[in-house]
2 protein chains.
Amino acid sequence: MTIRSFNPPVRTLMGPGPADVHPRVLAALARPTIGHLDPAFVGMMDEVKDLLRTAFRTRNALTMPVSAPGSAGMETCFVNLVEPGDEVVVCINGVFGGRMKENVERAGGVPIVVQGTWGRAVDPDQVADTLKRHPNARLLAFVQAETSTGAQSDARALAEIARRHDCLTIVDAVTALGGSPLEVDAWGLDAVYAGSQKCLSCVPGLAPVTFNERALEKVRARKTRVRSWFLDLNLVMGYWSGEQKRSYHHTAPVNALYALHEALVMLAEEGVEAAWKRHAHHHLALRAGLETLGLELIVPEAERLPQLNSVAVPAGIDEAALRARLLSRYNLELGAGLGDLAGKVWRIGLMGYSSRPANILLCLGAMASELDAVGYRADAGAAIAAARAVLDQAD
Amino acid sequence: MTIRSFNPPVRTLMGPGPADVHPRVLAALARPTIGHLDPAFVGMMDEVKDLLRTAFRTRNALTMPVSAPGSAGMETCFVNLVEPGDEVVVCINGVFGGRMKENVERAGGVPIVVQGTWGRAVDPDQVADTLKRHPNARLLAFVQAETSTGAQSDARALAEIARRHDCLTIVDAVTALGGSPLEVDAWGLDAVYAGSQKCLSCVPGLAPVTFNERALEKVRARKTRVRSWFLDLNLVMGYWSGEQKRSYHHTAPVNALYALHEALVMLAEEGVEAAWKRHAHHHLALRAGLETLGLELIVPEAERLPQLNSVAVPAGIDEAALRARLLSRYNLELGAGLGDLAGKVWRIGLMGYSSRPANILLCLGAMASELDAVGYRADAGAAIAAARAVLDQAD
């Protein structure tokens, strides 16, 4: 069988990511490829670093995108900061906390787990208590924005506790960056990783990271070599350093970086705080509509990520069938539950370019009408009116 | 200072990669992003695997692109196949052999180096001798296509020697895939990695790999866990497996995979052997022109990669200044020397879409005229005529 060119369907992406990629970003992506050592490219890399600092709210010199997906951003943090035998306190309140534990083990470290509840924030008291009981731990790892549940943890409070116990923090902000408050410097976060395909409205494949001086000190003071050559910051830093002659490390994903650059330019144009506000506002509109439909968000409002809404599947509804129906009829993608929440929730993302009024209305209208068709009484008009009332409120 | 959208210059890429990306591939890259668990995307992944098998000349079930650059493809091979304490024979005849050694060490293995000569093929006798002296080694690693020098090693012969000594092979074919003979099954290569941005004319950022059953047996029989979570084939296989329900591992770089798919469709349309022939033919045309200019290729013809030509810089010529001039005046990128060859050679790539008559003429004309301008007597017309005579020969 001859395989032909692939023409994807045109979807509206309201799952946990990738989010809708803005046409400006797709246009940037397709610009002509240049060499990764081209002076023009090197200049663009410096701009990407500056733009990422704006997004992360940091002045950290080491702020750059890892040339691989968010999972590799996670691994970059752990493989560089953990040495064999190191005790690392890891908070688990969803899938990605579990991965952190895996990462600690692969790096030769000893994970000490703070077991939290799926769909809830990490409990700072529990963390403080664990750190007290493990005085040798020098690292605290937690997920600020748990993509598997939509729970948001208090990164500022957790970082403060970590500092009191002389620990560095490793923070997963994959779903947070560009969508909800994240203050790397003001909160004193030490090593943070994110993803390109969530609230930055960029294509998947890059993992912005930022390390402060305290974290880099620890990397420089290692007694053993980093277990990954590809992710060894001692090498990657030479490649991304603007100060000196750039040393060849790997071939950067040139076009993906064009896209990230454009996405970050757009974020800077909107303003980081304005983007946070937009996500929060649109969350409230979606929530008003969902509640009108009698649907329940599983995360308590105070611990909820505005950009990722986990909605309990009503009793008797086949969650996968409904998602399939939305996809085939409306080209609308919602996310399924992961891990403990598989089959129990839909995850509705309002991230980046996906966070816009048209998407809110499409989602509410489509969900209401398809739920109604399978016997769950839902009034699309009422849901849309409720969302509209929130959208009407001046911000 | 406000950072604006980045508009790259339009270059002709005749360095060691990235090569010119075909407009069809750039167009595919910019198609609308869909979810990485979308049924349409999963179908495309299966096609990518099939197309890669065609390119690699293999029936290996585990044939897929790693979601990161070629360096991560290298690391995928080593981190999965090497366990702490394992002796690994590594052939070094350029930069990338050196990296293999690094990879062995990071994976906890013990490298046994076969030191070769920069710009020459790996010596099979030397390898056989080393394997004899190290009967505990179970892995032989070598670079088939040394991108730093343009030397091609005899992968078939080396794999045969490895089998005689009960060793598996890890083969770097980054620059070979799609450009010069590579027969994974016929030659019995066990684990092979490549890159997207060389002879496939795709954007950088993906690393096709293929593992045969012997290699997978070794991965499955590991006594220790793979040191990388991101690159652990036990997990990645679940993600790329078409047979069963696809398990979530990481978010695939969706758009980059559109591009790879299109590049591989184009390779299949041309035919893999026809592509090898084209690269060989264009090499001869370029060589004829370069020799007419009195320039010397540093690798002996029998050991030369047709798609990557290392040319000795004539005495008295400032190699960097000439490259800078070609870039600024003609938007033409040639490669510099790396490692031992830094400052001593230009690397001229004729890879993928860059391997076309127009590029040969541009390169010869531009080099001749700019060399002439700095006092090296060079006749552009004669060089072009010599190349043209080769192009005229029916293939």
Side-chain angles (χ1 to χ4, degrees), chain A residues 3-11 13 15 17-18 21 26-36 38 40-41 44 47 50-51 67-72 75 99 102-103 105-106 195 197 203-205 225-230 248 250-256 258 261-262 265 268 333 338, chain B residues 3-11 13 15 17-18 21 26-36 38 40-41 44 47 50-51 67-72 75 99 102-103 105-106 195 197 203-205 225-230 248 250-256 258 261-262 265 268 333 338:
Chain A
I3 296 174
R4 295 173 199 287
S5 296
F6 176 68
N7 281 287
V10 182
R11 308 291 201 199
L13 301 178
V21 177
L26 289 176
L29 185 63
R31 291 194 179 120
T33 307
I34 60 176
H36 66 113
D38 193 307
F41 185 71
M44 192 214 60
E47 292 187 351
D50 275 353
L51 290 162
S67 300
S71 312
E75 192 153 319
R99 291 206 177 170
E102 279 268 352
N103 268 270
E105 289 165 358
R106 308 265 180 153
Q197 80 282 12
V203 290
R225 279 168 97 188
V226 172
R227 286 187 167 189
S228 167
W229 182 89
F230 177 56
Y248 170 59
H250 64 281
T251 301
V254 174
N255 291 66
Y258 294 167
H261 184 280
E262 186 69 12
V265 165
E333 178 179 273
L338 271 185
Chain B
I3 296 175
R4 294 174 200 287
S5 296
F6 177 68
N7 281 287
V10 182
R11 308 290 202 201
L13 302 178
V21 177
L26 289 176
L29 185 63
R31 291 194 180 120
T33 307
I34 60 176
H36 66 113
D38 193 306
F41 185 71
M44 193 214 60
E47 292 187 351
D50 275 355
L51 289 162
S67 300
S71 312
E75 193 154 318
R99 290 204 178 174
E102 279 267 354
N103 269 269
E105 289 166 357
R106 308 263 181 156
Q197 79 282 12
V203 290
R225 281 168 97 187
V226 172
R227 286 187 167 189
S228 166
W229 183 89
F230 177 55
Y248 170 59
H250 64 281
T251 301
V254 174
N255 291 67
Y258 294 166
H261 184 280
E262 185 70 11
V265 165
E333 178 180 274
L338 270 185

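Computed from a predicted model, the values in this text were never measured in an experiment. The sequence lines fix the lettering, A, B, ..., with proteins before strands; numbering per chain opens at 1.
The minimum heavy-atom distance between A:His36 and A:Val254, with the atom names listed, is CB-CG2, 4.1 Å. The shortest heavy-atom contact between B:Glu75 and A:Trp229 is OE1-N, 3.0 Å. Minimum interatomic distance between A:Phe41 and A:Gly35 (heavy atoms only, all atoms of both residues): CB-O, 3.4 Å. When all heavy atoms of A:Ile3 and B:Glu47 are compared, the pair lying nearest together is CG2-OE1, 3.2 Å. The minimum heavy-atom distance linking B:Leu26 with A:Arg31 is given by the pair CD2-O, 3.9 Å.
The greatest number of non-hydrogen atom pairs below 4.5 Å with chain A, out of B:Gly17, B:Gly195, B:Ser67, B:Gly205, is found for B:Ser67. In terms of heavy-atom pairs under 4.5 Å with chain B, the best-connected choice from A:Val203, A:Val21, A:Val265, A:Ile34 is A:Ile34. With chain A as the partner, the residue from B:Pro253, B:Ser228, B:Pro32 showing the most heavy-atom pairs under 4.5 Å is B:Ser228. When each of B:Ser71, B:Gly70, B:Ala68 is checked for heavy-atom pairs under 4.5 Å with chain A, B:Ser71 comes out on top. Most heavy-atom pairs under 4.5 Å with chain B, from the set A:Ala40, A:Pro18, A:Pro8: that is A:Pro8. Between chain B and the residues A:Glu105, A:Glu262, A:Arg225, the largest count of heavy-atom pairs under 4.5 Å involves A:Arg225. Taking chain A as the reference chain and counting heavy-atom pairs below 4.5 Å, the highest number among B:Gly15, B:Ala27, B:Ala72 is found for B:Ala72.
In this structure, the portion of A:Arg4 lying under 4.5 Å from any heavy atom of chain B is its backbone and not its side chain. Using a 4.5 Å cut-off between heavy atoms, B:Ala256 makes no contact with chain A at all. For a residue to count as touching a neighbouring chain, one of its non-hydrogen atoms must lie under 4.5 Å from one of that chain's; by this rule B:Ala268 does not touch chain A. For a residue to count as touching a neighbouring chain, one of its non-hydrogen atoms must lie under 4.5 Å from one of that chain's; by this rule A:Phe6 touches chain B with backbone and side chain alike. When heavy atoms are compared at a cutoff of 4.5 Å, B:Gln197 approaches chain A solely by way of its side chain, counted from C-beta outward. With a 4.5 Å cut-off on non-hydrogen atoms, B:Leu13 touches chain A through its side chain but not through its backbone.
Atoms OG1 and CD, from A:Thr33 and B:Glu333 in turn, are 11.0 Å apart once rounded to the nearest 0.5 Å.
With contacts defined as side-chain heavy-atom distances shorter than 4.5 Å, the pair A:His261/A:Tyr258 does not qualify.
Side-chain atoms of B:Asn255 do not come within 3.5 Å of backbone N or O of B:Ala30 as any donor-acceptor pair.
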